[in-house]
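First up is the structure itself, then whatever we jot down about it.
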Amino acid sequence: MRTAQRLAALGVVAAIVLSGCSNGKDSYSSAEKEESGQPLQSASISASSSVESAELAESANAGYPTLKEVAQNYNGCALEYPNMEELSVGMLYGDSGNRYCLFDVDGRVHHVFESDTYIVSGFYNGMCMTSRRTMVREDGTTFWPSYVPADEVLVAYLKNECGILLWTVKQEDTLNGSKTILTAWNTSDGSMRFQCDTTQPEFEKNDPVTMYKNLTQNLDVISYEGAGVYMIIDRIMGRHVEIGIYKGTEEATQNYYVATSKSGNIRYISVKDGSLNELSGWNNLMLHRGGNIVLSENLIFLDAQINEGGGTKYPTGFYDVHLNQVIDLSKYNIQSIYEDEPRFINGYAVLQMKNPEGIPFWGVIKRDGTWEAEPQKGSVRYVYQTADGVLITTCEENIEQWYTYDQTGTKLDEWDRIKFDGSYGYAQDSSSGHRGICEVYNGYTYASLNSHVAKISSDGSYEYLS
């Protein structure tokens with residue numbers, strides 16, 4: 001009887017999936033599903049009891065090939081846009097061209113896209129965005145969300161603490177002038193989350209026609225800064241614009257982000273709230289260093305001073321948002337890790353240093369400023385987050401010898417000669433709201449290792465999903 005129930009459930013899934021994949025616009029059975037953007041399979045499972053749901057999911061997943069099986073036909077695989085809660089976007093490397101794919105947390109491949117389809121967002125609420133500025137479902141069919149007017153252009157699809165937002169743009173022209181309108185849509189219900197246009201003060205230095213061209217001719221022009229603030233990166237005129245969707249609300253006063261700017265060769269830093277208001281004390285604060293700085297665990301790494309005669313100096317260390325020094329590091333020659341300044345992750349900060357003779361050392365401090373891992377020789381290349389700590393990968397100078405350690409400084413022998421894929425420095429976790437190259441989910445870190453997608457435990461053990 002139990003076997004018969006499972007086969008019947010699988011038959012229901014097969015019938016629904018087959019009926020939903022007939023063509024592009026009609027692959028959802030109702031307008032409600034079209035608007036929600038929810039994956040068809042998830043919708044069918046949610047209607048079952050908990051026991052039946054588990055069996056249904058198990059049966060349905062059995063129909064998908066594993067990432068290892070698919071990757072055998074390629075030269076490697078990388079994690080592009082992680083979202084283990086739903087589906088993640090991966091990249092399969094091939095001699096005749098690379099292909100994007102969608103896979104779940106168990107390493108089952110739900111779809112491999114054609115070589116001419118470029119995915120430019122994560123997969124959220126049953127869809128992701130392509131470089132052609134259309135949305136695509138789990139089965140590869142493209143569609144236009146019913147709540148977005150036809151005269152809008154899709155710009156970005158982002159997930160962070162503000163929600164899952166689909167950004168669109170349009171230009172309105174009248175005899176009295178033109179304006180560019182940006183809208184952020186809630187993809188869970190199709191409602192409008194936020195809207196602004198170039199008549200507002202934030203855009204006073206930007207020509208609306210040029211802004212529209214920038215948004216419609218370039219990808220990756222909207223980035224998330226934190227505290228509900230998004231930056232429009234103007235690749236044409238170079239005049240970046242910050243907009244805050246929390247602006248004027250109580251929530252805006254409780255969240256902060258780091259803003260940097262340049263004037264000639266001088267780089268300035270400030271901390272602002274979600275209404276774009278600069279916090280007291282940060283005016284005219286000049287950085288002595290050029291690395292990337294973030295607000296992480298309510299602390300900021302600084303080496304700076306007020307740019308005026310007799311201006312206050314802020315020696316090397318970690319500070320809170322009110323410029324109170326929390327950890328003094330002025331006795332150390334702190335170096336950037338590639339282009340990234342130190343930051344706290346899970347209560348640990350990895351410090352790259354040099355001794356007076358220029359020999360590189362690294363160590364790990366805790367929030368109280370004491371050493372978790374005493375300084376030892378080596379050059380740090382990668383820092384990745386785990387569920388409760390960090391992984392630190394070093395490389396010996398002038399040789400390709402890679403070693404990986406945990407936050408206590410313990411060397412992980414099984415990691416010899418293994419390295420993460422991607423740029424040096426601190427890996428961006430997708431939960432930060434920025435585009436991440438890794439994700440911590442259900443106690444594991446998912447990242448790319450040696451051209452494989454890997455599932456990594458906090459103790460450093462790992463398995464390849466591809």
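Position 1 is the first residue of the sequence; numbering continues from there.
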Is any side-chain heavy atom of [X] less than 4.5 Å from a side-chain heavy atom of [Y]?
X	Y	value
Ile334	Leu351	yes
Val326	Arg367	no
Trp185	Thr183	yes
Glu202	Leu276	yes

**OP:** Give the ring-plane orientation class for His111 versus Phe113, where under 30° counts as parallel, over 60° as perpendicular and anything between as tilted.
**Re:** perpendicular

Compute whether any side-chain donor of one residue and acceptor of the other, for [X] and [Y], lie under 3.5 angstrom apart.
X	Y	answer
Asn75	Asp95	yes
Asn292	Tyr426	no
Gln254	Tyr246	no
Thr404	Thr393	yes
Ser188	Asn186	no

Subject >> Distance-minimising heavy-atom pair for Cys162 and Leu165 >> reply: CB-CD1, 4.4 Å

**OP:** Show the numbers, then the answer: is there a side-chain contact (heavy atoms from CB on, under 4.5 Å) between Glu161 and Tyr224?
**Re:** CA-CA 10 Å; Glu161 71 268 20; Tyr224 186 65; 2.5 Å; yes

Do the two ring centres, one from [X] and one from [Y], sit under 6.0 Å apart?
X	Y	value
Trp402	Phe420	no
Trp371	Tyr332	yes
Phe194	Tyr230	no

Is there a donor-acceptor pair closer than 3.5 Å between any side-chain N or O of [X] and the backbone N or O of [Y]?
X	Y	result
Asn218	Asn214	yes
Arg267	Gly291	yes
Asn346	Gly389	yes
Gln352	Ser379	no
Ser458	Thr386	no

Subject >> Distance in Å, His240 NE2 paired with Ser223 OG, rounded so as to fall on 0.5 Å steps >> reply: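 Going from the NE2 atom of His240 to the OG atom of Ser223 covers 8.5 Å.
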
Subject >> Electrostatic pair Glu242-Lys272, nearest N-O below 4.0 angstrom >> reply: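 Salt bridge between Glu242 and Lys272, a charged N being under 4.0 Å from a carboxylate O: yes.
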
Subject >> Charged N-O contact under 4.0 Å between Asp220 and Arg235 >> reply: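 Salt bridge: no.
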
